[in-house]
Amino acid sequence: MSIACYPGSFDPITNGHLDIIRRASKMFDEVYVTIMINPKKKVTFSQEERKEMIEKCVADLKNVKVVIGQGLTVDFAKQLGAVSLIRGIRAVADYEYELQQATANMMLNDEIESIFFVARPEYSFLSSSVAKEIAVNGGDISKFIPSEISDFVLQELRK
């Protein structure tokens, strides 16, 4: 059985993230969307809120599970039985960062491969930060955030 881990902060999940999850779910028997706890990163939504939002968005994907992880991503992926780490690449800057991470992970555990998914053109600029900025400033986020959670995201960000 092939298991993949898609780690990130998902604060909140975007249509770009969801596209990668859907694509990965066709390639692996199981995909764990893993909300990694990073105490250095300032987040808008709690880990429980992020987990609930993602679960709503992937409810139709029976082989996708959402978990919360901590510590080294490659170690957590090993605990899940993953053979691959899924990462999205939007631009050259992402590639440079992801190459460093993949190389470090390979040094820590060479049995887990990093698999890069190139973002579809319509999502190549999209990040959670961009979506939040648009929402806070009264913009339409319907093209950026899954419809299942857009009302919740708008409500929370416009408090």
Side-chain angles (χ1 to χ4, degrees), residues 1-91 93-120 123-124 126-133 135 144-146 148-150 152-153 156-157:
M1 175 162 15
S2 62
I3 299 172
C5 175
Y6 181 26
S9 57
F10 306 104
D11 187 44
I13 187 172
T14 67
N15 287 332
H17 294 131
L18 190 54
D19 178 62
I20 289 173
I21 293 166
R22 289 189 181 287
R23 290 161 55 195
S25 75
K26 294 175 186 173
M27 296 177 64
F28 294 93
D29 296 321
E30 287 185 351
V31 175
Y32 285 93
V33 178
T34 307
I35 301 162
M36 292 302 294
I37 299 169
N38 181 348
K40 294 180 180 179
K41 191 166 189 174
K42 183 181 181 296
V43 294
T44 303
F45 299 96
S46 72
Q47 58 198 31
E48 293 80 16
E49 287 172 323
R50 289 180 277 158
K51 185 175 189 288
E52 287 176 24
M53 286 190 283
I54 298 168
E55 287 173 339
K56 284 181 183 177
C57 296
V58 300
D60 63 316
L61 301 173
K62 301 305 177 204
N63 65 332
V64 175
K65 297 179 176 115
V66 184
V67 295
I68 298 169
Q70 58 185 353
L72 291 173
T73 301
V74 72
D75 290 344
F76 192 76
K78 182 179 179 177
Q79 291 174 24
L80 296 172
V83 296
S84 298
L85 288 173
I86 302 296
R87 301 301 298 158
I89 302 286
R90 294 170 296 188
D94 282 349
Y95 176 74
E96 290 175 358
Y97 172 79
E98 294 298 342
L99 179 62
Q100 289 177 345
Q101 294 300 308
T103 303
N105 287 335
M106 194 180 300
M107 299 285 290
L108 294 169
N109 185 337
D110 65 358
E111 294 177 6
I112 299 178
E113 290 292 336
S114 293
I115 307 286
F116 299 111
F117 282 72
V118 175
R120 293 189 189 279
Y123 305 130
S124 63
L126 182 55
S127 68
S128 296
S129 299
V130 167
K132 288 189 287 191
E133 187 70 22
F144 311 115
I145 301 291
E148 296 90 341
I149 63 166
S150 59
F152 175 76
V153 169
E156 291 299 305
L157 291 175

- Query: Does Leu126 offer a backbone N or O that forms a donor-acceptor pair with the side chain of Arg90 under 3.5 Å?
  - Reply: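 A pair under 3.5 Å: yes.
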Quiz item: Distance-only, no hydrogens or angles: does the Lys42 side chain make a donor-acceptor pair with backbone N or O of Pro39 under 3.5 Å?
Solution: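 Between the backbone of Pro39 and the side chain of Lys42 there is no qualifying donor-acceptor contact (under 3.5 Å).
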Does [X] reach the side chain of [Y], with side-chain heavy atoms less than 4.5 Å apart?
| X | Y | value |
| --- | --- | --- |
| Glu98 | Ser114 | no |
| Ile68 | Phe76 | no |
| Arg50 | Val43 | yes |
| Glu49 | Phe152 | yes |
| Gln47 | Ile37 | yes |
| Lys132 | Ser127 | no |
| Val31 | Leu61 | no |
| Asn15 | Pro146 | yes |

Which atom names give the shortest non-hydrogen contact between [X] and [Y], and what distance separates them?
| X | Y | answer |
| --- | --- | --- |
| Ile145 | Ser150 | CG2-CA, 4.0 Å |
| Val67 | Tyr32 | CG1-CD2, 3.9 Å |
| Pro7 | Arg87 | O-NH1, 2.5 Å |
| Ser2 | Asp29 | N-OD2, 2.8 Å |
| Ile35 | Ser9 | CG2-O, 4.1 Å |
| Asp94 | Gly88 | OD2-O, 4.4 Å |

Any idea how His17 and Phe10 line up, ring-wise: parallel (<30°), tilted (30 to 60°), or perpendicular (>60°)?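 Taking Phe10 first and then His17, their aromatic rings stand perpendicular (interplane angle over 60°).
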Could you give me the CA-CA distance, side-chain angles and deciding distance for Asp60 and Arg22, then say whether side-chain contact (heavy atoms from CB on, under 4.5 Å) is met? CA-CA 10 Å; Asp60 63 316; Arg22 289 189 181 287; 3.0 Å; yes
Residues Lys56 and Glu52 bridged, charged N to O under 4.0 Å
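Salt bridge absent between Lys56 and Glu52.
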Rounded to the nearest 0.5 Å, what separates atom [atom1] in [X] from atom [atom2] in [Y]?
| X | Y | atom1 | atom2 | answer |
| --- | --- | --- | --- | --- |
| Cys5 | Gln79 | SG | CD | 10.5 Å |
| Ile3 | Asn63 | CD1 | CG | 11.0 Å |
| Phe116 | Leu99 | CZ | CG | 6.5 Å |
| Phe28 | Tyr6 | CZ | OH | 13.0 Å |
| Cys57 | Ile13 | SG | CD1 | 5.0 Å |
| Tyr97 | Ile89 | OH | CD1 | 11.0 Å |

Which residue is it: Leu85, Asp75, Asp110? I am looking for the one with a side chain to side chain contact (heavy atoms under 4.5 Å, CB included) to Asn105.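 For Asn105, the side chain to side chain contact (heavy atoms under 4.5 Å, CB included) test succeeds with only one of Leu85, Asp75, Asp110, which is Leu85.
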As a quick check of understanding, evaluate side-chain contact (heavy atoms from CB on, under 4.5 Å) for Phe45 and Leu157, giving each step before the final call. CA-CA 9 Å; Phe45 299 96; Leu157 291 175; 4.2 Å; yes
Quick one, Thr73 with Thr34, criterion side-chain contact (heavy atoms from CB on, under 4.5 Å). Give me CA distance, side-chain angles, the key distance, then yes/no. CA-CA 9 Å; Thr73 301; Thr34 307; over 6 Å; no
Q | By salt bridge (charged side-chain N to carboxylate O under 4.0 Å, His left out) - contacts of Glu30 (at least two apart) | A |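 Counting only residues at least two positions away or on another chain, Glu30 forms a salt bridge (charged side-chain N to carboxylate O under 4.0 Å, His left out) with Lys65.
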field: Derivation of the side-chain contact (heavy atoms from CB on, under 4.5 Å) call for Arg23 and Arg120
entry: CA-CA 11 Å; Arg23 290 161 55 195; Arg120 293 189 189 279; 3.5 Å; yes
More than 12 heavy atoms of other residues, nucleotides or ligands under 6.0 Å from CD of Glu48: is that the case?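 Check passes, neighbour count above 12.
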**Prompt:** Should the heavy atoms of other residues, nucleotides or ligands under 6.0 Å from OH of Tyr95 be counted, would the total exceed 12?
**Reply:**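 No.
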